[in-house]
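Notes to accompany the following structure.
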Amino acid sequence: MAPAPTRILCPLLGPDLGTVREEMRLALARRADAVELRLDCLRPPPSPDELAPLLADCPLPVLVTCRHRDEGGQWTGTEDQRIALLRAAAPHAAWVDVEHRHAPDPPLDAPLVRSWHDFHTPDHARSAARAIDAAPAAVTKVAFAAPSPADALLAFDLLRDAPRPTIALAMGECGVMTRILARKFGAFATFASLQSGRESAPAQPTIDDLRSLYRWDAITQRTSVFGVIGCPVGHSMSPAIHNAAFGAAGLDAVYVPLLTPPTEADFRRLLDGLRERPWLGWRGLSVTIPHKEHALAYVGAENCDALARRIGAVNTITIDPDGSLHGDNTDYAAAIDALVGAMGLPREGLADRRVALLGAGGAARAILAALRHYGAEVTLYNRTLARAQQLVEEFGGTARPIDDAPATRAEIVINCTPLGMHPHVDASPLDPIPPSVRVVFDTIYNPIETRLLRTARAGGRLTVSGVEMFVNQAVLQFERWTRRRAPRDAMRDVVLRRLGT
Ligand code: NAP
């Protein structure tokens with residue numbers, strides 16, 4: 001018989017029986033498959049007479065847990081009281097979870113989840129899994145801290161080698177993917193909170209995010225995996241936009257966040273780890289700050305498109321089924337197409353047009369390379385003049401201090417500074433708009449209409465929002481990975497909804 005699909009277990013952390021009953025109803029409404037009743041969180045601890053009806057009334061199967069403080073729980077009573085409480089609950093529970101080193105003898109009258117937690121390191125997780133597998137239990141559970149997503153991959157190794165139903169999770173933001181992909185690797189269960197702020201472990205997703213943002217119900221053993229590597233990635237819209245695109249296109253694929261510490265060594269360790277495990281089905285990565293240069297170095301210039309090489313940064317990695325890698329830079333085309341699309345021009349129409357580019361960071365670098373490629377005359381205005389001078393030496397153009405921008409005689413202004421970005425929405429890099437300017441493109445996408453764009457629109461100029469660039473780069477990534485036309489409208493809708501329009 002095929003094993004049951006991976007369950008979503010919602011921890012119930014209510015401090016009293018009334019709250020727990022309410023949480024049980026909420027878990028059912030949110031389509032949890034089971035709940036975890038944390039007896040150690042109840043104040044005062046329930047009596048055996050209260051436990052039986054509480055468990056009998058629960059509309060979902062219950063995993064009963066009562067964690068010691070040194071197991072990450074809140075139990076303050078004696079060990080004898082704790083075991084007595086678990087014994088009273090066991091006959092009414094679907095499973096009882098006990099920490100491996102505290103497993104009671106004689107055993108409890110319920111299927112046992114024998115668990116092990118390490119909140120500091122992944123180093124002992126493999127030996128712990130072996131020790132637990134050698135002891136009697138229905139389910140092995142191993143949860144460990146992962147300082148990087150490369151460490152978190154161990155959870156998939158444990159699931160793959162598991163001799164019996166197993167839960168293997170990497171705790172913390174670097175391990176979020178293990179909670180989402182648990183279903184792909186046939187885990188016994190994953191844990192998801194009922195709502196934000198009610199997590200029982202660091203970086204546990206909510207059940208709503210798991211089901212709707214991360215496509216839980218669509219994940220199978222064959223699902224292809226994609227993700228975004230960056231630091232930070234917590235507020236990235238990429239998981240929402242790409243998962244919605246996979247759903248709209250009917251593709252068996254999922255996209256997860258990979259918070260990767262900023263060093264090149266961390267980036268390399270993760271990529272090595274993904275490639276050493278072809279069975280993961282990893283097919284592509286978005287790369288964001290600070291790893292775009294690391295990506296170019298890792299993939300190798302000879303395996304990157306000419307523009308990525310010229311810009312010196314890769315924001316898209318494609319992993320072929322044979323493990324070979326390809327690097328692209330979609331920021332460049334995304335920005336140029338947003339601009340020429342709004343102006344009703346082909347890219348070549350940019351030749352000889354005067355452009356004022358504000359800023360000299362990563363975005364300005366890609367856009368300057370593109371504008372110069374199509375023959376535009378660019379003046380780069382930046383707060384740190386030396387940085388602008390460095391860029392024009394590489395790509396051509398003229399460098400000026402940002403204070404000279406109001407005197408520009410350009411036709412097109414492109415803002416690549418964060419001035420005006422949420423939450424500093426009253427800032428603007430240029431006000432008033434100089435008389436020669438006909439088109440204003442702000443690469444900022446939050447807010448959709450910055451103060452710069454509002455001023456430009458009020459003055460009758462053509463305006464282009466960073467949203468178009470953001471959607472374009474995701475569209476280009478999707479098409480590079482899947483070789484199919486991207487569901488652009490669905491992707492733009494996600495961005496607009498997330499930005500609150
Ligand atoms: P970055 O590498 O940090 O560069 C920031 C640039 O802005 C630098 O030139 C910096 O000048 C300048 N700057 C920062 N604060 C300033 C201030 N208070 N006054 C004047 N200049 C200031 O950042 P980036 O990656 O290029 O991103 C820049 C912007 O592009 C972001 O705000 C983002 O909204 C936008 N972006 C949009 C997309 C999209 O898809 N729509 C994609 C990427 C980026 P110094 O050199 O003097 O420090």
Side-chain angles (χ1 to χ4, degrees), residues 230 262 264 287-297 299 301 304-316 327-340 347-348 350-421 427-430 434 436-437 439-445 450 452 464 466 469-470 472-473 476:
E264 184 164 8
V287 184
T288 182
I289 292 169
H291 290 300
K292 291 185 187 185
E293 289 80 15
H294 304 154
L296 177 69
V299 173
C304 293
D305 72 37
L307 295 175
R309 283 205 298 271
R310 184 139 168 68
I311 297 163
V314 158
N315 78 333
T316 309
D328 290 279
N329 189 312
T330 65
D331 288 336
Y332 167 113
I336 286 301
D337 291 346
L339 179 63
V340 297
R347 289 181 182 183
E348 291 69 21
L350 289 170
D352 300 325
R353 291 191 187 252
R354 280 194 191 162
V355 182
L357 197 53
L358 314 180
R365 185 180 170 82
I367 294 176
L368 175 65
L371 290 170
R372 294 294 303 147
H373 181 81
Y374 290 103
E377 251 184 63
V378 186
T379 307
L380 199 58
Y381 296 92
N382 198 44
R383 183 175 60 179
T384 310
L385 184 60
R387 220 174 158 194
Q389 278 165 337
Q390 227 173 350
L391 280 193
V392 300
E393 264 166 43
E394 231 181 299
F395 298 104
T398 311
R400 293 264 183 270
I402 189 101
D403 292 344
D404 287 359
T408 186
R409 288 167 48 208
E411 175 195 2
I412 302 165
V413 166
I414 305 177
N415 175 39
C416 292
T417 76
L419 289 168
M421 187 160 76
S428 171
L430 196 61
S436 63
V437 175
V439 183
V440 178
F441 173 18
D442 198 336
T443 62
I444 291 172
Y445 57 82
T450 56
L452 174 69
V464 188
M469 173 178 171
F470 185 74
N472 281 352
Q473 60 84 23
L476 290 165

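Positions are given from 1, in the same order as the sequence printed here. All heavy atoms count here, side chains included; hydrogens, waters and symmetry mates do not.
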**Request:** Can you measure from CG (Asn472) to OG1 (Thr330) and round to the nearest 0.5 angstrom?
**Result:** 9.0 Å
**Prompt:** Got a second to check how far Leu452's CG is from Ile444's CD1, nearest 0.5 Å?
**Reply:** 8.0 Å
**Prompt:** Under a 4.5 Å cut-off applied to non-hydrogen side-chain atoms, are His294 and Val314 in contact?
**Reply:** no
**Prompt:** How long is the gap from CZ on Arg365 to CD on Glu394, to the nearest 0.5 Å?
**Reply:** 4.0 Å
**Request:** Specify the closest pair of heavy atoms between Ala410 and Arg354, including all atoms of both residues, with the distance to one decimal.
**Result:** CB-O, 3.6 Å
**Asked** For atom CZ of Arg400, is the number of surrounding heavy atoms from other residues, nucleotides or ligands below 6.0 Å larger than 12?
**Response** no
**Prompt:** In a check of side-chain contact (heavy atoms from CB on, under 4.5 Å) between Cys416 and each of Asp442, Leu358, Ile367, Leu368, which one passes?
**Reply:** Ile367
**Fill in**
In short, Pro434 meets Pro406 closest at the heavy-atom pair CG-O, 3.5 Å
**Prompt:** How far does CG of Leu339 sit from OG1 of Thr443, to the nearest 0.5 angstrom?
**Reply:** 12.0 Å
**Prompt:** Should Leu371 and Ile336 be marked as a side-chain contact (heavy atoms from CB on, under 4.5 Å) after you check the CA-CA gap, both sets of side-chain angles, and the distance that decides it?
**Reply:** CA-CA 8 Å; Leu371 290 170; Ile336 286 301; 3.9 Å; yes
**Request:** Check whether any side-chain heavy atom of Lys292 sits under 4.5 Å from a side-chain heavy atom of Asp331, and report yes or no.
**Result:** yes
**Asked** Looking only at heavy atoms, which two atoms of Glu264 and Ala297 are closest? And how far apart?
**Response** OE2-CB, 3.7 Å
**Asked** Given the rule in the side-chain contact (heavy atoms from CB on, under 4.5 Å) test, do Phe395 and Arg310 qualify, once you have shown the distances and angles that lead to the verdict?
**Response** CA-CA 9 Å; Phe395 298 104; Arg310 184 139 168 68; 3.7 Å; yes
**Request:** Could you pull out the closest heavy-atom pair between Asn329 and Asp305, with the gap in Å?
**Result:** N-OD2, 3.3 Å
**Message:** So, taking the atom named CD in Glu411 and the one named CG in Leu350, what distance separates them when rounded to the nearest 0.5 Å?
**Reply:** 9.5 Å
**Complete:** Nearest heavy-atom contact between Leu385 and Pro401 is CD1-N, 3.6 Å
**Asked** Rounded to the nearest 0.5 Å, how far apart are CD1 of Ile402 and CZ of Arg383?
**Response** 9.0 Å
**Request:** Just say parallel, tilted or perpendicular for the rings of Tyr332 and His373, cut-offs at 30° and 60°.
**Result:** perpendicular
**Request:** Identify the heavy atoms of Ala364 and Leu357 that sit nearest to each other, and give their distance.
**Result:** O-CD2, 3.8 Å
**Message:** I'd like to know if the side chain of Asn382 and the backbone of Ala360 have a donor-acceptor N/O pair within less than 3.5 Å.
**Reply:** yes
